[in-house]
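Here the structure comes first, spelled out in structure tokens, and everything after it is commentary.
Note on naming: letters A, B, ... go to the chains in the order of the sequence lines (proteins, then strands), and numbering restarts at 1 for each one.
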Number of protein chains: 2
Amino acid sequence: MLTIGQLADYAGVTSKAIRHYHERGLLPEPGRDSSGYRRYTAKDAVDLVKIRTLANAGVPLARIKDLLDADSDALTAAIAEIDHNLQDRMAQLGRIRDQLAQLRGGERLFVSPEVADYLDDLRELGVSERQRCLERDGWILMQTASPEDASLWLAEKRELMADPEFRVLYLEHDAAYEWSPSDPRLPALADRTRNWFAHHDSRSETRPVHNPAIARLAAQSQPGASSPAWDRLTQLLKGQ
Amino acid sequence: MLTIGQLADYAGVTSKAIRHYHERGLLPEPGRDSSGYRRYTAKDAVDLVKIRTLANAGVPLARIKDLLDADSDALTAAIAEIDHNLQDRMAQLGRIRDQLAQLRGGERLFVSPEVADYLDDLRELGVSERQRCLERDGWILMQTASPEDASLWLAEKRELMADPEFRVLYLEHDAAYEWSPSDPRLPALADRTRNWFAHHDSRSETRPVHNPAIARLAAQSQPGASSPAWDRLTQLLKGQ
DNA sequence: CTTGACCTTGCCCCTAGGTCAAGGTCCGAC
DNA sequence: GTCGGACCTTGACCTAGGGGCAAGGTCAAG
């Protein structure tokens, strides 16, 4: 006959846990000795090990209770299912490990794979880190607010970027971030931008987001996302 | 700018969880619009995905909070450690799957490997299922109460079982469970048992547990563990 | 103007126990 | 015989990571 502490050591649990199982009706309350101590039998030890095995497998105590009363077939089926869950869980842990690895340096976690590819292309083109951050945040907002629209816009933006002239304009806008607001290149850039859109405005009238300032618009809420030169550029584009 | 529900959908969590992270100081409270609704930026989305990635990896929220503020080196180290834990966890799940498989039919879960081997040997010898259950329960009690003594006793019991005469007696005691208490074989069996011990009592005087009734003694606490014939046998052995 | 879907705060509920408190008990040592 | 330390008893409160509900405010469409 065992005390609660001996039984707990045997099964590798605390006595508190055993009392918890009594409260939940998982393990029947054993008889008491003359001083009121619980006294356990080998059967209790066997039951407790079963309980722990199932609990370690992630089975909720309420379900373990049912399982202990269930017949052999039901138990076999339940164990098969639990084992399946364990396998799923292991596979899931593998995926979580991949995601965890991406947490260091990757941005693929935050956007759809298509957008991630697009951002990779931007890097290839020589777009600045800053600009890519703005783009990323813009796409996050768009994807979140309306995933299907974002997908359409991404296709159109890719079309734009396929045009070498547009790419030049885009890169120059990127570089202009650090210019002085009185830089003489700004009016010229504004002119060429307006000019380009005049020749390609079939869709851009209905969807004004497709100009190179898209990231600036999307990121306006973030402090420090613009610069004096960009503000001036926005004025020049809007003013005329 | 996103509402809490949009942000929640983006990250695959509930709005309640996001508020929970605000309360815990994991995610800063964003600004409110004119009607008091929270309004989120892309940065919040990025932070939330980081939080979820770490939380999915099993990192407690309190530690995630520290990690988000930590510098890059500390973060890298922490991620390495978390990844290690994940690997451990996966290996552990594999072990739990093994144990789960043993739950169907195996008794190896409940006793030490040595005792499990001994129980297997009993089956080979033709010992009944009932008797093996009694033995198992006896060994569980012994192991739990005093593992090192149990190990010694097991060695001695194995020595006894190495003697063909003892094995015959043991099997006959096993079979006697179902005899009638007035069966004429009982007194004869008691005689032969006493006789055997008279010739081999070098140790059994100090350790009376080593007679074939060991399981009966250990299992006395369990109702229905004895039978009329066994009770009679005990009387016969004790009486003279 | 209503309806349904959203948002707000606040409260209690869950699992699987851990921890602390305030005692009663057992056992070996002195 | 009694002392100390390790064990046992019950009970109450605490934790993480939210879920669910109440009671209301807001928004956009029909």
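Put simply, the side chain of B:Arg194 gets close to the backbone of B:Leu236: a donor and an acceptor are under 3.5 Å apart. A donor-acceptor distance shorter than 3.5 angstrom exists from the side chain of A:Asn56 to the backbone of A:Arg52, with no hydrogens or angles considered. A:Tyr10 places no side-chain N or O within donor-acceptor distance of the main-chain N or O of B:Leu141, the cut-off being under 3.5 Å. Side-chain atoms of B:Trp230 come within 3.5 Å of backbone N or O of B:His173 as a donor-acceptor pair.
Taking a cutoff of 4.0 Å between a charged side-chain nitrogen and a carboxylate oxygen, B:Asp117 and B:Arg158 do not qualify as a salt bridge. Ion pairing of B:Asp98 with B:Arg108 is absent here, as no side-chain N (NZ or NE/NH1/NH2) approaches a carboxylate O to less than 4.0 Å. Between B:Asp47 and B:Lys43, at least one side-chain nitrogen of the basic residue sits less than 4.0 Å from a carboxylate oxygen of the acidic one, meeting the salt-bridge criterion. Residues A:Glu129 and A:Arg132 are paired through a salt bridge, judged by an N-O separation under 4.0 Å between the basic side chain and the carboxylate.
Counting to the nearest Å, the P atom of D:dT9 and the NE2 atom of A:His22 are 8 Å from each other. Atom-to-atom, CZ of A:Arg19 to P of D:dC7 comes out at 13 Å; the value is rounded to the nearest Å. The nearest whole Å value for the distance from the CG atom in B:Leu48 to the C1' atom in D:dG18 is 14 Å. Atom OH in A:Tyr40 sits roughly 12 Å away from atom C1' in D:dT9 (whole-Å rounding).
In this structure, B:Ser34 and B:Leu61 both approach DNA chain D, and ranking their closest nucleotides by distance from the 5' end singles out B:Leu61. Toward the 5' end of DNA chain D, the nearer of the two residues A:Tyr37 and B:Ala55, judged by each one's closest nucleotide, is A:Tyr37.
Within the 4.0 angstrom heavy-atom criterion, only backbone atoms of the sugar-phosphate kind lie near B:Arg32; the bases stay farther away. Among the heavy atoms of the strands lying under 4.0 Å from A:Thr3 are primed sugar atoms or P, OP1, OP2 only; no base atom is included. Looking at heavy-atom distances under 4.0 Å, A:Arg63 makes no contact with the nucleic acid at all.
With hydrogens and angles ignored, no donor-acceptor pair closer than 3.5 Å exists between the side chain of B:Lys16 and the base of D:dG17. Residue-to-nucleotide contacts include no donor-acceptor pair under 3.5 Å from the side chain of B:Tyr21 to the base of D:dG18.
By the 30° and 60° cut-offs, the orientation of the rings of B:Tyr40 relative to B:His22 is parallel.
The nucleotide range of DNA chain C contacted by chain B, defined by atoms under 4.0 angstrom from heavy atoms of the protein and reported 5' to 3', is C:dC6 to C:dC11.
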Problem - Watson-Crick or G-U pairs under 3.5 Å in DNA chain D, rendered as dot-bracket with [ ] for crossing pairs and | for another strand - result: ||||||||||||||||||||||||||||||
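Taking 4.0 angstrom as the limit, B:Arg52 places none of its side-chain polar atoms (N or O) nearer than this to OP1 or OP2 of D:dG17.
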